[in-house]
Amino acid sequence: MTSCLAVGVMSGTSLDGVSTALVRLSDDPLEAQLVAFRQEPYAAPERGQIVDAIARGGSKDLALLHVALGERFAGAILQLLAETKTTPKDLAFVASHGQTIWHEPGRATLQLGDPAVIAERVGVRVVSDFRSRDVAAGGQGAPLVPLADVMLFGHPERGRLLLNIGGIANVTWVPRRGIAAGALAFDTGPGVAVIDAVTRRLDPDAPFDRDGARARRGKPRSKVLDALLADAYFSQPPPKSTGREHFGIEFAARLIGLVQQAGGSDNDAVATATALTAETIARALERWTPLPNGPEIELVISGGGARNPVLVELLAARVRPRPVLPFDRLFFDGEAKEALAFALLGFLTICGKPGNLPAATGARGPRVLGHITPA
Ligand SMILES: Nc1ncnc2c1ncn2[C@@H]1O[C@H](COP(=O)(O)OP(=O)(O)O)[C@@H](O)[C@H]1O
Ligand SMILES: [Mg+2]
């Protein structure tokens, strides 16, 4: 296959909704061009249903959610096709990441959203379940975006750091665009997951700390920050990945409890969660990425967390003199990056090529990822 059109579907750990990207892909040289992008937020009850299924769902809940999410993704894809006047027969495939229900690094990772439902409703073959093969090969199953970072978003002449701040934050060090040797990637810890969970616990109607408004009015509690920074995940060397299982509701409850004990306000709790995210990213870069501390190495940020100005300011102050650059300024809407990356991974699978970066996941070797459901 030399050139084709595909849809990538991503629904990240922040549980904010479903992102779909229409992508033009080509081989030799490998290229992926964003044609259109859409985001559909989960309604609050929908998000609640997923959170409940994750926390205490029985087999019936999970089976029903698998089908319901398949319908949800299919609906989002059809909407994208309608808006872009694209017909299913123009598509070579759909690549669907699925909604992560459980991620236990190196042991098991499960994404729901039945590909059979998507194939049936959209009428296009579906590549799905990208992570399990990497886990079977001894890897973490995550992060999987690094290969896209290396192939598409690295600097053409020098090193570059790419940081995606979704629910979980992950960083990729690319020595040079297209060069996988020497590349390194891992999850630094929470992206917006803890900020979101703290905000929602304090105000159940707020999906997240919009524009960092609460963090701006609060003050991080340094003793609490120190206690949280002692979490073993942060000192663990890569390859490593994490999820809501570790940095979710319970972690947020602990943070709020500690801030309250210290006499802090609700906004102080959000400020502390925001400072924790910035600090853990900065420390991870200092400790694990092999880069000269020169101003020529830029940190390119994407994901919804890049829309939180307080988080970005804290991070920029911490990594100075290294410049922090929004992904949008170099490429396209940073929130579309992961959906596009999965379209690229689907393309590699269809072409019979590996999609994991063993240095990032710890897998025994490169593997062709995913399952293919025929149209
Ligand atoms: N205007 C904003 N202000 C603050 N945070 C924002 C804003 N827009 C998006 N976000 C954050 O981005 C998150 C979604 O990011 P996303 O990259 O989609 O994560 P994921 O891939 O895990 O779903 C939201 O939960 C929220 O925390
Ligand atoms: Mg999202």
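Index from 1, following the sequence. Both ligands and their constituent atoms are indexed starting at 1 by order of listing.
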| field | Donor-acceptor contact below 3.5 Å, side chain Thr277 vs main chain Ala275 | value | no
| note | Per side chain to side chain contact (heavy atoms under 4.5 Å, CB included), Val35 is matched among Leu340, Leu5, Thr86 by Leu5
| query | Considering residues at least two apart in sequence or located in another chain, which fulfil the side chain to side chain contact (heavy atoms under 4.5 Å, CB included) criterion with Asn267? | reply | Arg214, Arg217, Ser265
| field | Modelled atom types, side-chain donor and acceptor of Gln99 and Gln111, under 3.5 Å | value | no
Identify each donor-acceptor pair in which a side-chain atom of residues 180-198 lies under 3.5 Å from a protein atom, sequence neighbours left out, and give them as a table.
unit_1	atom_1	unit_2	atom_2	d
Asp187	OD2	Thr242	N	3.0
Thr188	OG1	Ala169	O	3.4

| Closer than 2.8 Å to the Mg ion (ligand 2), which protein N, O or S atoms? | Asp16 OD1
| query | With respect to Lys337, which candidate in Asp149, Asn164, Asp328 satisfies the side-chain hydrogen bond (donor to acceptor under 3.5 Å, both in side chains) definition? | reply | Asp149
| message | Checking side-chain polar atoms at under 3.5 Å, does Ser241 have a donor or acceptor matched by the opposite partner on His103? | response | yes
| request: May I ask you to check whether Phe234 and Phe247 place their ring centers less than 6.0 Å from one another? | output: yes
One line per pair, note the atom names and distance for all nitrogen or oxygen contacts under 3.5 Å between ligand 1 and the protein.
unit_1	atom_1	unit_2	atom_2	d
ligand 1	1 (N)	Asp211	OD1	3.0
ligand 1	3 (N)	Asp211	N	2.7
ligand 1	3 (N)	Arg307	O	3.4
ligand 1	10 (N)	Gly304	O	3.2
ligand 1	12 (O)	Gly304	O	3.4
ligand 1	15 (O)	Gly304	N	3.3
ligand 1	17 (O)	Gly304	N	2.8
ligand 1	18 (O)	Asp16	OD1	3.3
ligand 1	18 (O)	Asp16	OD2	2.9
ligand 1	19 (O)	Ser14	OG	3.2
ligand 1	22 (O)	Thr13	N	3.2
ligand 1	22 (O)	Thr13	OG1	3.4
ligand 1	22 (O)	Ser14	N	2.9
ligand 1	22 (O)	Gly167	N	2.7
ligand 1	23 (O)	Ser14	OG	2.7
ligand 1	23 (O)	Asp16	OD1	2.8
ligand 1	25 (O)	Asp196	OD2	2.6
ligand 1	27 (O)	Asp196	OD1	2.6
ligand 1	27 (O)	Asp196	OD2	3.3

| query | Do the ring centers of Phe327 and Phe332 come within less than 6.0 Å of each other? | reply | yes
